[in-house]
Visitor: 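Got a structure for you, questions after.
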Amino acid sequence: MAKKLMKGCEAIGEAAIQAGCRLFFGYPITPQNEIPEYMAARLPQVGGTFVQAESELAASNMIYGASAAGCRCLTSSSSPGISLMQEAISYMVGSELPAVIVNIMRAGPGLGGILPSQADYRQAVKGGGHGDYRVLVLCPSSVQEAADLVIDAFDLADRYRNPVLVLGDGLIGQMMEPVEFKPRPPVALPPKDWAANGCKGRKPNIINSLYLVPEVCEQVNHRIAARYQVWEEKETRHSGHNLDSKYDLLLVANGSVARVCQTAIDDLKASGVEVGLFRPISLYPFPIKALREAAARAKNVLVVELNMGQMRDDVDSFLQGRVPVHFYGRQGGMMAAPEEVIEQARAILAGRSN
Amino acid sequence: MAKKLMKGCEAIGEAAIQAGCRLFFGYPITPQNEIPEYMAARLPQVGGTFVQAESELAASNMIYGASAAGCRCLTSSSSPGISLMQEAISYMVGSELPAVIVNIMRAGPGLGGILPSQADYRQAVKGGGHGDYRVLVLCPSSVQEAADLVIDAFDLADRYRNPVLVLGDGLIGQMMEPVEFKPRPPVALPPKDWAANGCKGRKPNIINSLYLVPEVCEQVNHRIAARYQVWEEKETRHSGHNLDSKYDLLLVANGSVARVCQTAIDDLKASGVEVGLFRPISLYPFPIKALREAAARAKNVLVVELNMGQMRDDVDSFLQGRVPVHFYGRQGGMMAAPEEVIEQARAILAGRSN
Amino acid sequence: MQTVFARPESLATVSTHYCPGCTHGIIHRLVGEILDELGVRERTVGIAPVGCAVLAYNYFNCDMIESSHGRATAVATGVKRARPDLCVFTYQGDGDLASIGMGETIHVANRGEKITVIFVNNAIYGMTGGQMAPTTLPGQVATTCPLGREVETAGWPIRMAELLASLRTPAYITRVAVHTPLHVAKAKQVVRKAFQHQLAGRCFSLIEFLSTCPTNWGMTPLEATRWLEANMIPYYPLGEYKTPE
Amino acid sequence: MQTVFARPESLATVSTHYCPGCTHGIIHRLVGEILDELGVRERTVGIAPVGCAVLAYNYFNCDMIESSHGRATAVATGVKRARPDLCVFTYQGDGDLASIGMGETIHVANRGEKITVIFVNNAIYGMTGGQMAPTTLPGQVATTCPLGREVETAGWPIRMAELLASLRTPAYITRVAVHTPLHVAKAKQVVRKAFQHQLAGRCFSLIEFLSTCPTNWGMTPLEATRWLEANMIPYYPLGEYKTPE
Amino acid sequence: MQNDLICAGFGGQGVLLIGKILAYAGMHEGKEVVWFPSYGPEMRGGTANCSVVISDRAVGSPIIAQPRGLIAMNLPSLDKFEPTVKPGGLIIVNTSLINRSVQRTDVEVLEIPCNAMAMEAGSARAANMVALGAYVGMTAAVQLKEAEELVRETFAQKPKLVDVNLRALHAGHDFAGAHRADQAPTPEVRS
Amino acid sequence: MQNDLICAGFGGQGVLLIGKILAYAGMHEGKEVVWFPSYGPEMRGGTANCSVVISDRAVGSPIIAQPRGLIAMNLPSLDKFEPTVKPGGLIIVNTSLINRSVQRTDVEVLEIPCNAMAMEAGSARAANMVALGAYVGMTAAVQLKEAEELVRETFAQKPKLVDVNLRALHAGHDFAGAHRADQAPTPEVRS
Amino acid sequence: MPRIEITRDQCKGCELCVHACPQGILGMSKDINKKGYFFAQVVDAPRCIGCRMCAITCPDVAIAIGMHGTMYHYFTY
Amino acid sequence: MPRIEITRDQCKGCELCVHACPQGILGMSKDINKKGYFFAQVVDAPRCIGCRMCAITCPDVAIAIGMHGTMYHYFTY
Ligand SMILES: Cc1ncc(C[n+]2csc(CCOP(=O)(O)OP(=O)(O)O)c2C)c(N)n1
Ligand SMILES: Cc1ncc(C[n+]2csc(CCOP(=O)(O)OP(=O)(O)O)c2C)c(N)n1
Ligand code: SF4
Ligand code: SF4
Ligand code: SF4
Ligand code: SF4
Ligand code: SF4
Ligand code: SF4
Ligand SMILES: [Mg+2]
Ligand SMILES: [Mg+2]
């Protein structure tokens, strides 16, 4: 397939289809309406099914059902709608069901605003529902990467039988960039012999998260936690910019705002100042080891986010005080401009800063 | 009022009434059914109103409404039900509405089990809904303390115009202990001149969390964040046990399991081993300073929880590697026994441990 | 010379963000006029939805609460139970009230909360740009049913007035339209009745307004009124569906 | 000698946790018998609710999915849309289906999902210990209405069959009881019909079962059947409310 | 000093009430008390149990892994909890419904036909009071007169039942007294 | 080298399409491109705008605080964005709907009656193509023939419109050419 | 004569079958079963007419019936 | 003669009033108002009968009417 100019939302929809997803259940919400709209038009062309759910609550339980039946399926929403999915997400983890969920974040809390924001970082990486669980969180910073990560998300979800969240914001969802869907080698995945799809020739399968005997419930908790251990070892992803320079300052940023940081770094470089960018792509599991390595070479770290410093808290705790961690953030739908980042960077380099 | 033997749930209900709360909206769920049941019987006696909501989603929006009208009100639920309230909680923060929410936790994720658990720690202290927000989290470890904290919760909610979460588990909710409601001096609180309750003699009031102009939305985010800064300085609470001894090991535990630790410490003391207990009562804002002081005097810290180590992660990050942090947890509705804690403590003291 | 038609006091003197010809504006005005006529503005609390009417809190000149999508009636329940002396209304679109808020809608009606619901059925999701609503007509094109609503997969459009009227509890359920002056005038009587029921302590009342969305229907305002007349009214017959027992 | 009555293959050979005399057990058996008779056990997926029937996944001898409280029909939608070749049913209580799950219930019926819903109306929340249900009768005592349900504040009990039958889409809506052998026999015909509709590709079917809860009604099983006859049937008339067009 | 016990039986046998009366009595005597019911996944209409702790010091966990006392009102309860009782502890067995004897040899056992004795006292439903009386008689965990007072309060609405239940309480207490007199020296069941 | 612009007007004026054509053309020429629409709280049926970046290097933020170019199709758009344009940048003003002139003196201005010229070309709705042609003529951000190709593709379903829109595109391009010829030397609008 | 088999430990003693039997030939035991219930039993087997009322009523599928041919079936089931 | 006041900048040019006026005396301006709309205006004021159709129809409360006494009111409003 040749390069095509696509909105992030459309690329996400197409990526799901490329990944073999034939079912979409979702409810409209800005700024991700183009995902259901794309799917409504596109799925019937490939023999798939689009269902406009009556709510996000229903949508999240529909994917619970479709996944329980052994099929790849997608839902997407934006911040308030994702809050409404927290119970179902907890259930999917408890029932060990794969699922891919896309959150195209907007400003909060409450109704907030519809402009880009990264204020759902904590909800995404800490698990906003009840119980001990996590979802794997992938965070693209371009339309192409959004498409690639969505395809990976389906594989990861199936491999680990756990929901995977693709976390973008209004900027990633709304902007158009060139995208290419290259053929991918097929990935070997465990068979879905646990699915509830008719017990012909075998004992009935049960999809369930209720364990009335606490000893059993405890074991299940351990089994689930073990999965996250594996993730922390094997499934971290990150990227960087100008990391092979001799930088004194390391920026840490993800998603949309990492692009802004990249521009800032290029501009600084043009004026002879070297600054590195560490960009986590998997927000959970966080690439802690790689962050520490990148930070070890810096005198200061500056975390840039579109929130009040949610990832900063994590970076702070991962670096355990080894390097001073500074923060620059915009909130409520405001996007940081490269000039603002440059100013912050210069201030830190000059030794005057927060 | 004389001492009365009450279930934790009943004491919570009565405390709300003592705090002047005359409205309860909620939906049944084990192990907190006694809260709505108590309120259904008790509220009419004091001219109050009990409404069995059709769901937790509805209940949380009903308290949004009652609070917006300027009235004290309560809702309660247990883990899955609290997940369903995350959107409304985010809205209440966004609209700067006071509210008291009780979560009597049970095992998760998913349907999990109905036995005591502390697995919603992260959801509670990190904010399970969307956007940059926090709720103040109070965590009792006895029935009397549950009652006292509920009364405080109403004052705190009104003072800061932010929801306050009282976090107990099935043990706190279901056990009976003696409780006493002592008369309290009235607390001076700001007038609710913002409430939407008829605009006679003034301009209309608007309760809202939508800010379409991102600059304004950003300001609101800052105003809300400033509140949390104040909490971190002024509203932390903690308690301890055997902290004036010369301990080498400090236990950190909250809520129900802190009681178990207390027994373990007493038993250890009886055999000549001194161990301290640091018990955060406010889980957010976490009493970081006090924790650091208590931990500074220890060679090791052991966090004991009824989950996979959610508070441990926080303690770890607060202590920034100054003291080794160990963990012992039970999950899925299992309660740690004093003997288990003693064994862990002895192992650490003897230098063999996780 | 006396003024025989002017902006009611209960409508704030601001311009709305509604598209040209959108009948949301007429419905706002009717509510404002009745609040004026009944003299209850100062003890009224309105609940705004999420939908095109999200900014209704800026348009009504009384205390207003913005609710989350679909939950206006739950919020109204909280307000009315807390302060039974207040006059409480919600203003909700069809996505809000009949899709995501269906559970709350049925239950608020069935509990018989003493509130008045202004329900704006424009057969589409206006605010989010024209997706299918539970009220979108068979064959009607929307962005999430680009080939027109298929009854086979999406079901028949929901008639909320009829559905609610099949419950025993609610007091007053009526469907009106506002696409011609005569309909507007009739609708006004209905709005008055609904609020009067509330003020008289009778329980739940709901008015379903058939409303236009020229923008997302892809029509001029005038075409939209004609489309409403030709397509919506046959499927959504006007009239009183339930009156107090 | 031939066996004329025995446990159907579609019921697992386990003892249920239901209280003595609870008619949940009869309803389970009827479903099991029909799955056997129609020969569809091996292509059936059942959805268990949260309620006393939460462990239904252990009782039916076919693939089963446990859903969250109230969302069984959304889960069923996911299953059926993913695999239209499967026979899909949900089994839900009145709290589950008519309170927290009301939105999902109306919408699944109105979308016309090709599933069969087994709805157990016992006028109470059994599992959580006897709280008021949307179906609790006027004056009936429950732990959250200790003086009996007051219609003034809690509204009239919801008649789900009638409510759903007022929608245009659903194919088959019927109310039955199982408190006498004759009623059980009649109910069985209805269960058969409902599944046959699904297998014939017709859309949504729902059977409302009037069921007893001796434990939370505070009666012996026999008293419970009599109370059901005397109190529930008059308010919840038995019969077919909607049949395929 | 701490007394703790698990009191278990069928749902309708009033085992939770025994526990509450003990807790209340302890409270009235100025002790620290906690009562905790099983609210777990027991079969509906099936078994119920509660733990009670009566102590001189603040009570830690109210969930007692190794209770010092067990009142087993029916067979499933004995089956379930017999192995958990602390060595040296006490098991009270309702022989009216339990047709096997205790296997443990490291505990004290009181076999008492609660239902039969309650019937004699005037109502089969007062079997729980027989057991309560027996427990008080065996352990002196609380004073008998506190228990009496609480029985009076509990049935204040139904005065007819007060006497029946008091009779049952005393019958149990006396039975225990006789048993203790028989067995000397008794193992120390309190600590 | 980077070209970026904001293209703004009423909802129905096709400003988003101008942006998309520029982005596509840039992509076809092997450049890095990003297109980003305003999806903010504009009044329904009110103004719309998008930003486009066409660059030789990977594009950072697609939200352009200080655009190098502005196409203002109506008055509110000029009011809103005139102050943001980078000094030395370019403002294209649709004089058919804008009855004031640009206040800034540090930018290049092209005043062009898009609607009137579109009408001449055959359809008032092609005003956006006049503006597009003018922008390409002024900046050479992309090649005219790429833009032509895309116009053909865009209206492939309605062949009648292809010619009209191509005429409008050329009219705009020619107008810009004439303007540039008039003004020498021009300020550097690219960087 | 039909054969009524009541699985003793499957029975929960609800007595519904006892009331359903038109012949009045079922009764409750004096013993308790493993679950602790007084279980149902056939008291007067020869008078059984094989009508299946008991089995149709039993919520716990504790009753199985075998017989030769059709006997008194009040309705199809 | 009734006085029809159309607040120019409140009008969104929807033309509904133009179609509602039974006298056909409203029309759209050739100018645009501050919001960018061609606004409604009274073209033939003397023929106005004060029926209020235009105002009742206007979704933007852009029309106010003043008059002496009651004129042609087709229905109460
Ligand atoms: C939880 C949640 N889901 C979805 C949305 C997005 N959303 C906003 S308005 C709306 C629908 C509006 O349609 P309707 O209620 O019919 O009102 P209209 O705009 O047509 O007047 C939706 C889906 C949201 N804000 N919150
Ligand atoms: C989200 C959520 N809310 C509440 C509960 C608690 N809960 C479990 S079952 C139930 C109601 C059961 O009543 P019903 O559906 O009528 O079934 P029954 O037990 O009567 O058969 C409730 C409220 C829950 N598990 N999850
Ligand atoms: S989008 Fe539709 S409903 Fe919304 S304001 Fe415009 S015309 Fe009215
Ligand atoms: S509680 Fe009621 S519904 Fe539940 S099993 Fe017992 S009798 Fe049946
Ligand atoms: S088959 Fe009929 S007659 Fe025989 S025992 Fe059963 S109910 Fe009685
Ligand atoms: S109906 Fe079944 S469970 Fe009830 S007593 Fe008879 S055999 Fe036993
Ligand atoms: S009042 Fe009547 S006649 Fe006069 S302008 Fe308005 S609609 Fe026309
Ligand atoms: S109806 Fe109102 S908004 Fe529409 S054109 Fe007339 S005056 Fe203007
Ligand atoms: Mg709508
Ligand atoms: Mg029920």
Side-chain angles (χ1 to χ4, degrees), chain B residues 21-25 27 43 47-75 84-92 94-95 97 99 129-130 194-212, chain C residues 9-12 17 35 39-51 54-88 90 100-111 113 115 127:
Chain B
C21 166
R22 290 296 174 269
L23 293 150
F24 181 90
F25 304 91
Y27 188 75
L43 274 169
T49 300
F50 167 86
V51 178
Q52 182 168 323
E54 63 270 32
S55 68
E56 294 84 353
L57 203 52
S60 55
N61 283 287
M62 288 174 185
I63 63 165
Y64 178 96
S67 173
C71 298
R72 285 192 164 184
C73 54
L74 178 72
T75 191
L84 291 171
M85 297 185 179
Q86 295 303 320
E87 191 203 26
I89 293 173
S90 172
Y91 267 75
M92 286 189 272
S95 300
L97 291 177
H130 59 286
W194 44 263
N197 49 10
C199 64
K200 195 170 174 84
R202 58 162 170 75
K203 281 201 183 152
N205 281 335
I206 296 173
I207 305 293
N208 171 43
S209 65
L210 176 65
Y211 300 98
L212 286 177
Chain C
E9 192 188 357
S10 296
L11 271 196
H17 69 294
L35 294 182
V40 292
R41 182 182 74 84
E42 293 183 327
R43 59 180 178 108
T44 294
V45 175
I47 323 288
V50 180
V54 70
L55 296 178
Y57 55 75
N58 287 332
Y59 304 153
F60 289 106
N61 189 23
C62 60
D63 278 7
M64 293 291 298
I65 300 173
E66 170 55 34
S67 61
S68 59
H69 189 37
R71 320 303 170 192
T73 51
V75 172
T77 299
V79 176
K80 187 75 183 192
R81 294 289 184 132
R83 291 288 307 271
D85 55 317
L86 297 175
C87 171
V88 178
T90 71
I100 191 169
M102 176 62 89
E104 286 75 12
T105 304
I106 302 275
H107 279 284
V108 75
N110 195 70
R111 265 194 321 271
E113 297 296 344
I115 63 167
M127 168 169 250

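Just so it is clear, the model here is predicted, and its values are computed rather than measured. Order of the sequence lines fixes the chain letters, A, B, ..., with proteins taken first and strands second; residue numbering starts at 1 for each chain.
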Visitor: Over all heavy atoms of both residues, which pair between B:A58 and C:A74 is shortest? Give the atoms and the distance, please.
Guide: O-CB, 3.8 Å
Visitor: When rounded to the nearest 0.5 angstrom, what is the spacing between CZ in B:R202 and CD in C:E42?
Guide: 9.5 Å
Visitor: Is chain B contacted by the side chain of C:R83, its backbone, both, or neither, given a heavy-atom distance below 4.5 Å?
Guide: side chain
Visitor: Measuring heavy-atom distances to chain C, does B:R72 have an atom under 4.5 Å in its side chain, in its backbone, in both, or in neither?
Guide: neither
Visitor: Quick one: NZ on B:K200 to OG1 on C:T44, what's the gap to the nearest 0.5 Å?
Guide: 12.0 Å
Visitor: Restricting to non-hydrogen atoms, name the atom on B:C199 and the atom on C:D63 that form the minimum distance, rounded to 0.1 Å.
Guide: CB-OD1, 3.3 Å
Visitor: If you compare all heavy atoms of B:Y91 against all heavy atoms of C:V50, which two are closest, and at what distance to 0.1 Å?
Guide: OH-CG2, 4.3 Å
Visitor: Is it true that the side chains of C:S68 and B:N61 contain a donor and an acceptor less than 3.5 Å apart?
Guide: yes
Visitor: Can you tell me how far apart CG (B:N208) and OH (C:Y57) are? Round to the nearest 0.5 Å.
Guide: 3.5 Å
Visitor: Quick one: what part of C:I65 sits under 4.5 Å from any heavy atom of chain B, side chain, backbone, both or neither?
Guide: both
Visitor: If you tally heavy-atom pairs under 4.5 Å against chain C, which of B:I63, B:L210, B:T49 wins?
Guide: B:L210
Visitor: Which heavy atom of C:V79 sits nearest to which heavy atom of B:A69, and what is that distance?
Guide: CG1-CB, 4.1 Å
Visitor: B:E54 versus C:E104: any side-chain heavy-atom pair under 4.5 Å?
Guide: yes
Visitor: Using every non-hydrogen atom in the two residues, find where C:L86 and B:G198 come nearest and quote the distance to one decimal.
Guide: CD2-N, 4.2 Å
Visitor: Give, as side chain, backbone, both or neither, the part of B:L23 having an atom under 4.5 angstrom from any heavy atom of chain C.
Guide: side chain
Visitor: If you measure from CZ on C:R81 to SG on B:C73, what distance do you get to the nearest 0.5 Å?
Guide: 13.5 Å
Visitor: Given heavy-atom pairs under 4.5 angstrom as the criterion, report whether the side chain, backbone, both or neither of C:R111 touches chain B.
Guide: side chain
Visitor: Side chain, backbone, both or neither: which part of C:L55 has a non-hydrogen atom closer than 4.5 Å to chain B?
Guide: side chain
Visitor: Between SG of C:C62 and CD1 of B:I206, what distance do you get to the nearest 0.5 Å?
Guide: 9.5 Å
Visitor: Side chain, backbone, both or neither: which part of B:A88 has a non-hydrogen atom closer than 4.5 Å to chain C?
Guide: neither
